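Have a look at the structure below before the remarks.
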Amino acid sequence: MPHQPIGVFDSGLGGLTVLQSLRARLPGEDFIYFADASHLPYGDKPEAFIQMRGQAIADALAKRGCKAIVVACNTATAAAADGIRARLSMPVIALEPAIKPAAALTRNGILGVLATTRTLTSRRFAQLVKSYAPDATLIAQACSGLAESIETEGPESASVEALLDAYMRPIANANADVVVLGCTHYPWVKTSIARRLLPETILVDTGEAVARQVERRLTEANILGGRGQLRFAASGNPDKMRAALARLCGIFMPVESWDV
Ligand code: DGL
């Protein structure tokens, strides 16, 4: 059991920002990373569809021997985490926008949140705000097309810059002093986001917190252990993911094509 891999998935390459934190914290673990590339982006798709994909992917990872699943996608967490937990007995660690730490960090009470439409309109997000930031002024910006542009055009592309110009304006104008990166794709453009805000603005993402949570859950279950190996898979064309892995992470590895 301890020497089985941890399964990590996202709609695409956003979850690689989480995988980086996981590997930094748990270098001895084996990971299988799955990108649902043929269904990117999740952010504008119906909840029932994302629910169905999340369950199919979790089943595929479990079938390949994973001992735990990390849902490295805010959109998939909102739609599918409960369903995945209901069908698998292994630890399932999911992530959601860092509203709680942001509410603790803000001094002027103005929070910016960047996320997908699906995340921001979810019941889970409404609950999160009600529980942890009921008194904050929240500038919640849905970033339709941003995750897709980061993947297809690249983090430094003109299309990403144009989208950020539009999406960052309301948050910058409101003087938010803390901005939540509520989609795992957005840390890839953290510098471009920061450039549009005052230098003292704090950007929060969830990679490290999730890695700590995974360590805690696996320690409790007594299933930590591996050989530090990595395996990558995708739905759809694996060539695109292979190229992006090299470009974004400096990882030159084969990518398996899974029929999920
Ligand atoms: N990376 C995903 C998230 O954290 C969503 C990207 C997409 O729209 O597919 O929400």
Side-chain angles (χ1 to χ4, degrees), residues 7-22 33-54 56-58 69-82 84 92-99 102 112-126 128-129 140-155 157 159-160 163-164 167 179-190 193 203-211 213-214 232 234-237 240-241 244-245 248-249 260:
V8 182
F9 79 89
D10 178 37
S11 58
L13 304 171
L16 291 173
T17 61
V18 178
L19 184 67
Q20 284 179 334
S21 301
L22 286 165
Y33 184 90
F34 180 83
D36 198 8
S38 56
H39 297 102
L40 176 94
Y42 279 175
D44 298 314
K45 297 213 166 60
E47 186 174 0
F49 177 81
I50 302 166
Q51 214 163 16
M52 190 255 296
R53 290 305 298 159
I57 294 163
I69 305 281
V70 179
V71 184
C73 173
N74 295 267
T75 312
T77 295
D82 291 344
I84 295 171
V92 175
I93 297 96
L95 53 83
E96 52 198 3
I99 297 295
V113 184
L114 300 164
T116 67
T117 309
R118 178 64 45 217
T119 296
L120 294 179
T121 54
S122 67
R123 226 174 326 116
R124 238 184 139 105
F125 183 74
L128 205 57
V129 173
Q141 177 65 53
C143 301
S144 195
L146 183 56
E148 208 177 0
S149 267
I150 291 169
E151 293 221 1
T152 54
E153 312 288 325
S157 62
S159 62
V160 166
L163 288 172
L164 287 178
Y167 293 149
V179 175
V180 175
L181 306 185
C183 168
T184 54
H185 278 75
Y186 304 163
W188 289 124
V189 293
K190 199 170 181 172
I193 290 172
L203 301 185
V204 263
D205 68 74
T206 22
E208 278 174 34
V210 170
Q213 172 80 343
V214 172
F232 294 95
S235 60
N237 183 355
K240 260 184 6 200
M241 185 178 170
L245 256 185
L248 292 174
C249 304
V260 176

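Order of appearance sets the numbers: ligands from 1, and atoms from 1 within every ligand. Here the structure is a predicted model, which means the values were calculated and not measured.
Remark: the backbone N or O of L16 is paired with a side-chain donor or acceptor of Y33 at under 3.5 angstrom. Of the possible polar contacts, one joining the Y167 side chain to the S144 backbone as a donor-acceptor pair under 3.5 Å is found. In this structure, the side chain of T77 engages the main chain of L95 through a donor-acceptor pair within 3.5 Å. Between the side chain of D205 and the backbone N or O of L181, no donor-acceptor pair lies under 3.5 Å. A donor-acceptor pair under 3.5 Å is absent between the side-chain atoms of T117 and the main chain of A142, judged by distance alone.
For ligand 1, the atoms closer than 4.0 angstrom to any heavy atom of A147 are 6 (C). Each of the following atoms of ligand 1 lies closer than 4.0 Å to a heavy atom of T75: 3 (C), 5 (C), 10 (O). Those atoms of ligand 1 that come under 4.0 Å of a heavy atom in N74, given as number and element, are 3 (C), 4 (O), 10 (O). Shown in contact with L40 at under 4.0 Å from a heavy atom are these atoms of ligand 1, numbered in order with element: 9 (O). Interface of P41 with ligand 1, defined as ligand atoms under 4.0 Å from a residue heavy atom, comprises 7 (C), 8 (O), 9 (O). Ligand-side atoms of ligand 1 in range of C183: 1 (N), 2 (C), 3 (C), 4 (O), 5 (C), 6 (C), 10 (O), range being under 4.0 angstrom from any heavy atom. Close approach of ligand 1 to G43 is summarised as follows: ligand atoms under 4.0 Å from at least one heavy atom of the residue are 7 (C), 8 (O), 9 (O). Remark: ligand 1 atoms within the under-4.0 Å shell around heavy atoms of H185 are 1 (N), 2 (C), 6 (C).
Counting heavy atoms closer than 4.0 Å to ligand 1, residue T116 contributes side-chain atoms (C-beta onward) but none from N, CA, C or O. Proximity of D44 to ligand 1, defined as any heavy-atom pair under 4.0 Å, is not found for any part of the residue. Contacts between S11 and ligand 1 below 4.0 angstrom, taking non-hydrogen atoms only, involve the side chain exclusively.
Contact check for V260 versus R53: side-chain heavy atoms found under the 4.5 Å cut-off. Using a 4.5 Å cut-off on side-chain heavy atoms (C-beta onward), I84 and F9 make contact.
In the displayed structure, E208 atom CD is contacted under 6.0 Å by at most 12 heavy atoms of other residues, nucleotides or ligands. The environment of NZ in K240 is sparse: at most 12 heavy-atom neighbours from other residues, nucleotides or ligands sit within 6.0 Å.
Nearest protein heavy-atom contact of atom 7 (C) of ligand 1 is Y42 N, 3.3 Å.
For T119, no nitrogen or oxygen atom sits less than 3.5 Å from a nitrogen or oxygen atom of ligand 1, counting backbone and side chain alike. In terms of polar-atom proximity, defined here as any N/O pair under 3.5 Å, D10 does make such a contact with ligand 1.
Within the 4.0 Å heavy-atom cutoff, C73 counts among the residues contacting ligand 1.
Partners of T119 under the side-chain hydrogen bond (donor to acceptor under 3.5 Å, both in side chains) rule, at least two apart in sequence or in another chain, are T75, T116.
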